[in-house]
Amino acid sequence: MEDDPADAARSRGAEGGGSKGARERRGEESQKLVAVGGASLVLLGIESPTGLDAGAVILASSVSARRIVDFEDALNGACWEVSPPVPARFEVDLHAGGQPSGVNLKLPTIEVRYNNLVVEAECQVVKGKPLPTLWNATQSFLLGFARLSGLMSETKISIIKDFTGDVSYNGFKLEEFAAEKTSAYISQNDMHIPVMTVREILDFSARFQGVRSRAEIMKEVNKREKQEGIVPEPNIDTYMKAISLEGLEKSLQTDYVLKIMGLDICADIMVGDAMRRGISGGQIKRLTTGEMIVGPAKALFMDDISTGLDSSTTYQIVKCLQQMAHIMEVTMVTSLLQPAPETYELFDDIILMAEGQIAYHGPRCEILSFFEECGFKCPERKGEADFLQEILSKNDQEQYWHRPQEPYSYVPVSEFAKKFKAHHIGRRLTEELSEPFHKNQTHKDALSFSTYSLPKKELFKACMARELLLMKRNSAIYIFKLIQLAVTGIIVMSLFMRRRPGFDVKLANSYLGSLFYAITFLMINGVPEMAFTIARLPGFYKQRDLHFYPAWAYAIPTIILKIPISLIESLVWTSLTYYVIGYSPEAERFFRQFLVLFLVHQMSISQARLIGSYFQRLVSSMPIGMLSFMTFALCGGFILPRFSIPVWLRWTFWVSPMTYPEIALSVNEFLAPRWQTGSSENTTIGNQILSSHGLNYSDSFYWICVGALVGYIILFNVAFTLSLTFTRSVGESQAIISHEKLSQMKQCENPFGTTVQREIKQTARMVLPFQPLTVTFQDLQYYVDTPMELREQGYTRNKLQLLNNITGAFRPGILCALMGVSGAGKTTLLDVLSGRKTTGTITGDIRIGGYPKAQETFARISGYCEQTDIHSPQITVEESVIYSAWLRLPEEIDSKTRTAFVNEVLQTIELDGIKDELVGIPGENGLSTEQRKRLTIAVELVSNPSIIFMDEPTSGLDARAAAVVMRAGIHGVPKISGNYNPATWMLEVTSMAIEKQLGVDFAQIYSESALCKDNEELVKQLSTPPPGSTDLYFATRFPRNIWEQFKACLWKQHLSYWRSPSYNLVRITFVFFSALILAMLFWKHGRALNNQQDMFNMLGSIYMSVIIIGVNSCTSVIPFITTERTVLYREKFAGMYSTMAYSLSQVFIEIPYAIMLALLFTVITYPTVGYFWSTYKFIWFFYTIFCAILSYVYLGMLFVSLTPNFQLTFILATFFYQPLILFSGFLIPHPDFPKWWTWAYYIMPTSWIFEGVFTSQYGDITKEIMVFGESKPVSAFLEDFYGFRQNRLKMVAAVLLCFPLIFASLFMYFIAKLNFQKR
C-alpha cells in the first residue's frame, strides 16, 4: 500500500532538518490542508489615505527614496537600508523536482527568517509643494555642494525603522549565499522586450535560470527506483528527465508553464507595447509570473500578480501556485489586492500589513478570531479579505465594532501590532525565532551558492542567441540605416567630386573638408545606438538583478554583433565616395581609409553605448553625447588647428578621439605622390595643407592612429561593461517632501500619520445635468490582418476575426458588467464601441439613442477608462482632473461649479489625499498602479458623461457574497458553492476546458436560448428612435472654443515644462557648458584676424556651436514630445480639444525657453570670444542663435510627428542632420557648390544661420588679412570666398524667421493627420 502523499510530505519535511519549532509548525499546518510540504502565504495590505503603499517607501512627493523597497524586496535580499519592530518568520520545505514518493529520498528544505526589518528614506525638504520644478532642481544641485562639504544634511524619515535585524535562509545570512538565485522576485511592473514572443521570453528565462539540483535529484530517484523495482509513469518520467537537462534552447518546462498560465494560445505572438499591437494586459501579467516560475527557484516572492487579471484567471493561477507550494514544496509569499474569497481560501498563512507595520502574521484560519479578541467581527456575508483590508482603514473600521457595551475609538495599526505581539500566535513566532537554526542541518542543494546557474560559456551562448534574434527582429531598422547611409554617400560624392584638373591648396582644403565630414557622419551615425541601449536597459536591469546573467555576458554579444554592421556601413561609404570624389587612386590607400572609417564607426557606437548605459535617460544622455562630440571635433585639428588651441589646453588635442582619424586620413591622402608637387610657399601642397591644420606627421603615424582608435574602442567597451555592472536603475531617485508634510509626520505617532482621525463630512452629492442615452450594437464583427506568427504556423486566411456577430444593448440606469477571461475580446469590443480602433475592419450597426453613431458627437457624451493608464507625467493628480473638467464640461457650467465638481470627484474616488502628487512615470516614480487606475476613472467621471465604458477599472473583482441564487440551466454544470464569488464561478464553468469536458458550446446554447431572442428583440426596439426625439447635435465639435482649448493646453504644457528639469535644466546646462568651452578655446579670437585660417577658425567655432546646440535641441525634445503624443492620442479620442490647440500650445511653450537659451549663449560667448562690439551686432548675434534653436526644436517635433517610435525618430533625425551639416557652406563654400546642388544651400537653415552671424559680425569689417598669399579686406574675403553680402542681411533676417514657422506648421499638420497608435 502506498504512503499517503500528505504523510510522505510531512515525513520528508521532518527529515529535511530545521529547528524543533519549525518541525512542529509543519505538523500543525498539515492538519489544515490535504497535502502539506510547502506553505503558500498571502501578503495583504491597504493604501493609507495619503496614498502611501502598505509595504513600500513612497513619500508624499511621489518620488521614491533611492529605490522603492518593499516587503518582498527585503526578504529577497534586494534592499540595502532595511531595518520593523515586528519579529516574524515563515518557512517551508522545498523540493526542486516532482513528487518522488516511495523512494525515501531526502529533499532540500528551506526556512526563511526575518527580524526587525526597517527602511529609512533620505528626503530633500523644500518649501511649497514637493514637486521637482526647475527651481527645486537648481536648489538641489547647488546645495549638493554644501552636503558634500558637510555644511548641511538631509532629513531622514523612518518608514519601518533602521536595519538592526537580519534575513536568513536556513541560518545563512544573505551575504553568505546567493539569495537572488535561491529565491525569485516577481514584480508588479511588467518589463519585457516587446519584439520577442511569449514562448521566446519563457525559453530564454528557463535557459538562464538553469535546472540547478534537478539533475542530481533525478539521478538519485532513478537509482532508487531501480533498487526498489518501481516503474515510473512514462509521461511524468519523460517530463522530469526533460526539465533536468541544462542549457537547452527550447525547454519542455516552457510548454508546461504556457499551459498552466493559459498562455499557449498566444505563445507565438510578440508581446508588444503601447505602440505595437501584442498580447493583452492580462496575458502580459501572466507572462511576468510565468517568466520566473519556469525556473527552479526555491522561494517565490510575488508582488500584485493579479493586477489586470479577471477573478477566474487569478484563482486558476493561485490554485496552480498552491499546488507548487504543497506538492513541489516551494516557499511562496504573494501580495494581492482584494482577492476573491475562493482565492483567499487557497492560502495557508496571512501577513496583514498597513503603514509599514505588520498587524498579523499567522494561520489564515485564526485571523478572524484574533480580530474578534480585538473587538472587531467579520459579518457572515462579508468576504474575509475585504474585512481584513477595511478593518485597518479609519474610514471603514467602525462598522465592524461588535462590543456595543464599550464606546468605539479608532484603533491604529500600531495598536494591532502590539496586540499581535501579545497574542499566542505572536508569542509562538517569537519563541521559534529565539531557537537558532543550525547550518549543518541544511541540505546541500537547499541554497544556491553560485551567482549564476550556467557556466560562463553557456551564459555567453544564450546571450549571443538572444541578441542575434533581436537583430533579426529589428532588421528593418538596420536596413533603413544602410539605405540612409547609401543616400548620404551618393550626395557627398556628387557634392565633393573633382570637377577640374590639377591640384592646388583650395582643392586640398575641399578634400580635407570631405574627410572631416566622413568622420563626422560616422560619429553621428552611431548616435541611434544610444537610443537602442537606453530602450533595453529596464529589461537588462531586471534580469541582471535576478542574476540571469552578468553584465559582461550581455555586453560582449552586443559589441560583437555590431562589428558586421560597422564593416558593411564603412565599406558601403568608402566604396561610394572614394573614387568618385577623387582621392588618391592607390588600392592600398583605399583599404587604409576603409580601415580607419570602420574603427571610427566602432568607436562612435561604443561611446554611444557607454553614455547611454551610464546616464540611462535620453534627455540627459544626448546632451552629454553632443557636448563630448563638440569638444572632440573642436580639438581634433580640423576646425581649430593644434597651434591655435590655448597652450594650457593643447593636451585636449591628444585626448580627443577625433584627432587620430583626422591625422590618419589626412596623412593617408596628402602624403600620396600626387600631392608632392610644389606650392607658392616653397613646400609641397600636401605638406602645406597638413601644416596649416597642425596635422603634419609622417606616414608611419597612420598606424599609431589606428592603434589609438583600437584603444579607444576597447576603453569605451570596457567602461560600458563596468557601467552595466555597477550602475543602478535610473528610477531610484531621491524623494522631495515639503516642510508642512514633514511637520505633520513628526507630530504623528508614526510616519504615516494615521493616528489622527479625519472627520468625514457627509454632504449631498453634486449632480450635473446630463442626457440619458441608450447604446445598441447589432452583428458587430471585427477583423485584423493575420499576424505573421500565425501564418508561419499554417493559418491560411488573410484576416483574423476577433469579434463574431456581437449584438447587445446598454440602457440608462443599468450597470452592465462585460465579463470574460483574459484574451476573450473585452477590450476589443469596448474599443470598437467607443471608436478607438485605428486598424482592422469593422462591420455591423451601432446606434446611440436609436440614431446611427457619429464619432464626433459620441465623444462629447461618453467616457472611456482604458486598460492602460495614460497621463501626462509632470502634472499632479488634481491638475489632471481640473484639466479634464476644463476641456470636457460645457461652457454653461461656471468655474465655481466646475471646481466644486472636481473636488467632489476627487473625494469620491479617494484621490483628495494625494491630489498634490505628480502622476509620474509607471515603474519609476509617481503614483502606484492602483492610484493611476483611480485617476483614469476620475478624469473620465469629471466629464459628466451620459455613457461610460470602463476597461479593467479594478485590478480584479472585489469579493462579495452571493446575494442572488444562481440557477444553472445546463445539465452537468457544477453548482456554485457557498461563499464562492459568482463572477469567478461563471468564468470557470464557461471556460474552454469545461466546454470540452461537457461537450457543449455555450455560445451556441445562448444563441438558441429565449434570453438571446429577448435581447435581440430589445435591441430592435432600442434601435428605433423614441417618438419626438432628435439626433444628438452640438453647435460646435468641442465643448470649449479654440481659445479656451489653447489656454488649457498651454497651462498644462507650462506646468509640464516647469517640472521637467531632466529636459529643460539639462539643456540649459548644456548650452552653458557649450558656451564655456567656446570661451576657453576661442578666447579673444574674434578680432585677432591675420589670415584666412583665422577666419576659418571663427567660422568653425560658429559652425560647431550651431550644429551641436541645434542637434541637441532637436534630439532632446524628441523623447518629451513622444511621451506627450501618447497622451494626445487618448485626449484627442476623448474629444477634449482640437489638435490645433494642442500643437499650437506645444509650439508657443518653447519660445520663452529658446529666448533664455539664446540669451545665455550670447551673454557668455560674445564678450569672451571677442567679437567686434556694438548693440546692433549683439542683437543680430542673439537673434540668429534664437532662430537656430527654435528651428531645431520645431524640427525635432516634426520628426516625432512623422515616425511611430523614438528609435525610428532618431534614425530619421540622424539622416536629416547630414544635409544640414553638409550644405551649410562651411565644409565647401557656396560658390564652389556644383550647379545641381545650389538649391540645397538655400533650403538649409544652417546656411542662413552662418550667413546671418558672419555677415552681421564681419560683413562691414575692412581690416586687411592675408588670403592664400594676397592681402584682402575681411568683408571682401567673405563675399569672394563664401558669397556673404552685407546688403542681404534684411532678407537673411526674414528667412531665419521663416524656418521655425515652416517647421512648426508642418508639425501641427502631421501630428493631426498621422496616427501611429495601432489598436
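Once rounded to the nearest 0.5 Å, the distance linking CG of Leu665 with CD1 of Ile663 reads 10.5 Å. To the nearest 0.5 angstrom, Met530 atom CE is 5.0 Å from Met622 atom CE. Distance CG/Asn668 to CG/Asp699: 7.5 Å, rounded to 0.5 Å. Atom OG1 of residue Thr577 and atom CG of residue Leu515 lie 9.0 Å apart, to the nearest 0.5 angstrom. One finds the OG atom of Ser692 at 7.0 Å from the CG atom of Leu512 (value rounded to the nearest 0.5 Å).
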Report task. Step by step, work out the side chain to side chain contact (heavy atoms under 4.5 Å, CB included) result for Ile1068 and Phe1072. Result -> CA-CA 6 Å; Ile1068 290 171; Phe1072 172 77; 5.6 Å; no

Requested in this report: Under the side chain to side chain contact (heavy atoms under 4.5 Å, CB included) rule, what do Val572 and Leu482 come out as? Steps first, then yes or no, please.
Outcome: CA-CA 8 Å; Val572 169; Leu482 188 61; 4.1 Å; yes

Report task. Might you work through the side chain to side chain contact (heavy atoms under 4.5 Å, CB included) test for Ile1108 and Phe1070, ending with a clear yes or no? Result -> CA-CA 10 Å; Ile1108 297 304; Phe1070 174 84; 3.4 Å; yes

Requested in this report: Mind running side chain to side chain contact (heavy atoms under 4.5 Å, CB included) on Leu1078 and Phe1161 for me, showing each step along the way?
Outcome: CA-CA 10 Å; Leu1078 280 180; Phe1161 182 81; 3.6 Å; yes

Requested in this report: Start with the C-alpha distance between Phe521 and Trp573, add both sets of side-chain angles, then the distance that settles ring pair (Phe, Tyr, Trp, His ring centres under 6.0 Å), and finish with yes or no.
Outcome: CA-CA 10 Å; Phe521 172 78; Trp573 179 270; 4.6 Å; yes

Report task. Tell me, with the steps shown, if Thr488 and Gln484 meet side-chain hydrogen bond (donor to acceptor under 3.5 Å, both in side chains). Result -> CA-CA 6 Å; Thr488 307; Gln484 164 200 318; 5.3 Å; no

Report task. Verify side-chain hydrogen bond (donor to acceptor under 3.5 Å, both in side chains) between Thr1246 and Tyr1103, making sure each step is shown before the conclusion. Result -> CA-CA 8 Å; Thr1246 46; Tyr1103 170 80; over 6 Å; no

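A heavy-atom distance below 4.5 Å is found between the side chains of Trp675 and Tyr511. Considering only heavy atoms from C-beta on, Leu1222 comes within 4.5 Å of Leu495 through its side chain. A heavy-atom distance below 4.5 Å is not found between the side chains of Leu522 and Phe598. Two residues are said to be in side-chain contact when any heavy atoms from C-beta on lie closer than 4.5 Å; Gln1093 and Pro641 meet this criterion. Asn1112 is not listed as a side-chain neighbour of Tyr1192, based on a closest heavy-atom distance of 4.5 Å or more. Two residues are said to be in side-chain contact when any heavy atoms from C-beta on lie closer than 4.5 Å; Met493 and Ile490 meet this criterion. Annotation: side chain of His693 is not in contact with side chain of Glu662 (no heavy-atom distance under 4.5 Å). Contact annotation: the side chain of Cys463 approaches that of Phe208 to within less than 4.5 Å [non-hydrogen atoms, C-beta and beyond].
Taking the six-membered ring where the residue is Trp, Trp654 and Tyr660 present tilted rings, their angle falling between 30° and 60°. Relative orientation of the Phe716 and Tyr712 rings is tilted, given thresholds of 30° and 60° on the angle between their planes.
With no hydrogens or angles considered, no side-chain donor-acceptor pair links Thr451 and Lys181 at under 3.5 Å. Checked by atom type, the side-chain pair Thr727/Tyr541 shows a donor-acceptor distance below 3.5 Å. With 3.5 Å as the limit, one finds a donor-acceptor pair spanning the side chains of Gln602 and Ser566. At a cut-off of 3.5 Å, with distance as the only test, a side-chain donor of Ser700 or Ser698 sits close to an acceptor on the other residue.
Of the residues listed (Phe591, Phe496, Phe590), the one engaging Tyr578 in a ring pair (Phe, Tyr, Trp, His ring centres under 6.0 Å) is Phe590, and it is the only one.
In this structure, Ser644 contributes its side chain and Leu640 its backbone to no donor-acceptor pair below 3.5 Å. A donor-acceptor pair is defined here as one N or O able to donate and one able to accept, closer than 3.5 Å; such a pair exists between the side chain of Thr1115 and the backbone of Val1111. Although no hydrogens or angles enter the test, the distance criterion places no donor-acceptor pair under 3.5 Å between the side chain of Ser656 and the main chain of Phe653. A donor-acceptor pair under 3.5 Å is formed between the side chain of Ser1224 and the backbone N or O of Ile1221. Panel note: side chain Ser1116, backbone Ser1113; no donor-acceptor pair is recorded below 3.5 Å. A donor-acceptor pair under 3.5 Å is absent between the side-chain atoms of Ser691 and the main chain of Gln688, judged by distance alone. Under a 3.5 Å cut-off, the side chain of Ser613 and the backbone N or O of Leu610 do form a donor-acceptor pair. The main-chain N or O of Asn717 is found under 3.5 Å from a side-chain atom of Thr721 such that the two form a donor-acceptor pair. Panel note: side chain Asn474, backbone Leu470; a donor-acceptor pair is recorded below 3.5 Å. Side-chain N or O atoms of His1085 include one that pairs as donor or acceptor with a backbone N or O of Trp1083 at under 3.5 Å.
Sorted by first and then second residue, the salt bridge (Lys or Arg N to Asp or Glu O under 4.0 Å) pairs involving residues 511-530 (not counting sequence neighbours) are Glu529-Lys562, Glu529-Arg609. Listed by first then second residue, pairs satisfying side chain to side chain donor-acceptor pair (under 3.5 Å) with a partner in residues 546-557 read Arg466-Tyr549, Gln543-Tyr549, not counting sequence neighbours.
Heavy-atom contacts from other residues, nucleotides or ligands closer than 6.0 Å to OH of Tyr614 number 12 or fewer. In Glu175, the CD atom is crowded: over 12 heavy atoms of neighbouring residues, nucleotides or ligands sit closer than 6.0 Å. Atom OH of Tyr579 is surrounded by more than 12 heavy atoms from other residues, nucleotides or ligands within 6.0 Å.
The shortest non-hydrogen separation linking Thr725 to Ala551 is OG1-CB, 3.2 Å. Summarising the geometry of Gly612 relative to Thr533, their closest heavy-atom pair is C-CG2, 4.4 Å, with the distance given to 0.1 Å. Tyr697 and Val667 make their closest contact through O-CG2, 3.7 Å (heavy atoms, listed as atom of the first residue, atom of the second, distance).
With sequence neighbours excluded, the residues satisfying side-chain contact (heavy atoms from CB on, under 4.5 Å) with Met464 are Phe460, Pro557, Ile560, Leu561. When the side-chain hydrogen bond (donor to acceptor under 3.5 Å, both in side chains) test is applied to Thr1209, the partners found at least two apart in sequence or on another chain are Thr1203. Remark: Phe204 pairs with no residue by the ring-ring contact (aromatic ring centres under 6.0 Å, His included) rule, at least two apart or across chains.
Ionic pairing of Arg592 and Glu669 is not present here: no N-O contact between side-chain nitrogen and carboxylate oxygen is shorter than 4.0 angstrom.
Cation-pi geometry between Arg617 and Phe615 is not met: the NZ or CZ atom fails to fall both under 6.0 Å from the ring centre and inside 45° of the normal.
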Using residues 624-638 as the side-chain source, report each donor-acceptor pair under 3.5 Å to any protein atom, sequence neighbours left out, with the distance given to one decimal.
{"from": "Ser628", "atom 1": "OG", "to": "Gln607", "atom 2": "NE2", "distance (Å)": "3.1"}
{"from": "Ser628", "atom 1": "OG", "to": "Ile624", "atom 2": "O", "distance (Å)": "3.1"}
{"from": "Ser628", "atom 1": "OG", "to": "Gly625", "atom 2": "O", "distance (Å)": "2.7"}
{"from": "Thr631", "atom 1": "OG1", "to": "Leu627", "atom 2": "O", "distance (Å)": "2.9"}

